[in-house]
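Have a look at the structure below, then the notes.
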Amino acid sequence: MSENNWMSISDTVFGVLKESSDFFAGLVLNFALIIGVVVFQWNLVEIAVVYLIEIAIIQLFFFPVALFTPEPVEGRDGDAWDTDPVPIQPINFLPPVYWRNIRFVWFKAVFNLVVIGVIMRSVSSGYTLSSDLPMSLGLAIAGIVLFQLSRVWRYFIVDQSYREKSPTDPMAFVYAPLTELFLMLVYVLAPVTLILAGIAFTIDSDLSSLPVLLLYLTPIGFIRAWIGSLDPQTDDFEVSFS
């Protein structure tokens with residue numbers, strides 16, 4: 001086989017692996033939750049806390065990236081978006097931020113973080129974490145942080161690609177897990193809970209057992225993998241920021 005053919009095959013394989021990396025990452029992250037259930041005996045509340053922390057980390061990483069993107073928001077009217085942006089550089093070794101981006105992002109960031117905080121408080125209120133959770137939770141958070149940092153690097157930092165982006169590009173990554181959360185609530189949490197409640201009403205069963213938790217985690221894993229396989233910056237995943 002010629003060298004050109006080998007290069008063509010290797011490029012194709014590398015492209016497929018790159019495109020499917022987020023799909024497999026979604027499966028890996030969900031498998032980590034299953035490990036938490038099996039090894040650390042997490043329950044449904046602890047799984048929800050880990051997932052909400054992941055959403056908060058995504059917000060904290062990708063909202064700031066939106067401040068550094070100089071391109072205008074498509075379809076956004078007004079003098080601020082029709083002219084070249086005015087840079088502000090409060091820290092010398094960081095790229096400049098743009099005032100129009102700050103105004104565009106600020107309310108959305110505060111609103112999202114408040115909503116996540118309220119949900120987190122309601123989920124964990126009146127619940128005492130088990131003695132094994134803090135160490136395992138730290139490992140889970142560390143993995144989430146590393147994975148999300150790799151996404152920021154890959155999509156926005158490499159070759160300073162943020163210079164060719166608008167604020168909506170990183171914000172699409174912010175809203176992807178919120179879409180996941182909606183799908184999980186509607187298509188997993190609500191129907192599975194109703195089914196299990198009916199089973200528990202007719203048959204004495206333990207709703208905190210491993211098989212029951214896997215009934216939640218298995219479809220959640222497929223939802224996360226599917227959303228992860230979509231590129232938030234293409235038409236595969238559309239979010240309105242108007």
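Side chains included, hydrogens not; waters and symmetry mates left out as well; all remaining heavy atoms used. By convention here, the first residue in the shown sequence is residue 1.
The salt bridge (Lys or Arg N to Asp or Glu O under 4.0 Å) analysis of residues 172-190, with sequence neighbours excluded, yields the pairs E180-R224.
Scanning both residues, I55 and L178, for their nearest heavy atoms gives CG2-CD2, 3.9 Å. When all heavy atoms of Q59 and P64 are compared, the pair lying nearest together is O-CD, 3.8 Å. Considering every non-hydrogen atom in both T168 and S166, the closest pair reads OG1-OG, 2.7 Å. Taking both residues in full, the closest heavy atoms of N92 and Q89 are given as O-NE2, 3.2 Å, listed atom of the first, atom of the second, then distance. Across P191 and L185, no two heavy atoms sit closer than the pair CD-O, 4.4 Å.
Not counting sequence neighbours, the partners of V118 by the side chain to side chain contact (heavy atoms under 4.5 Å, CB included) test are V114. Partners of L215 by side chain to side chain contact (heavy atoms under 4.5 Å, CB included), not counting sequence neighbours, listed by chain and number: V192, L196. For Q160, the side-chain hydrogen bond (donor to acceptor under 3.5 Å, both in side chains) partners two or more places apart in sequence, or in a different chain, are R163. Listed by chain and residue number, V110 satisfy the side chain to side chain contact (heavy atoms under 4.5 Å, CB included) test with W106 (two or more places apart in sequence, or in another chain). Listed by chain and number, the residues in a side chain to side chain contact (heavy atoms under 4.5 Å, CB included) with P87 are P96, Y98 (sequence neighbours excluded). For T193, the side-chain hydrogen bond (donor to acceptor under 3.5 Å, both in side chains) partners at least two apart in sequence or on another chain are Y216.
Between I157 atom CD1 and S150 atom OG the span is 12.0 Å, to the nearest 0.5 Å.
By the rule that hydrophobic residues join a cluster once side-chain heavy atoms approach within less than 4.5 Å of another member, V152 and L146 end up as members of separate clusters. Residues L194 and L214 fall into different hydrophobic clusters, defined by Ile, Leu, Val, Met, Phe, Trp and Tyr side chains chained together at heavy-atom separations under 4.5 Å.
Side-chain contact check for P170 versus F63: every heavy-atom pair is 4.5 Å or farther apart.
Taking the six-membered ring for Trp, F173 and F156 have ring centres closer than 6.0 Å.
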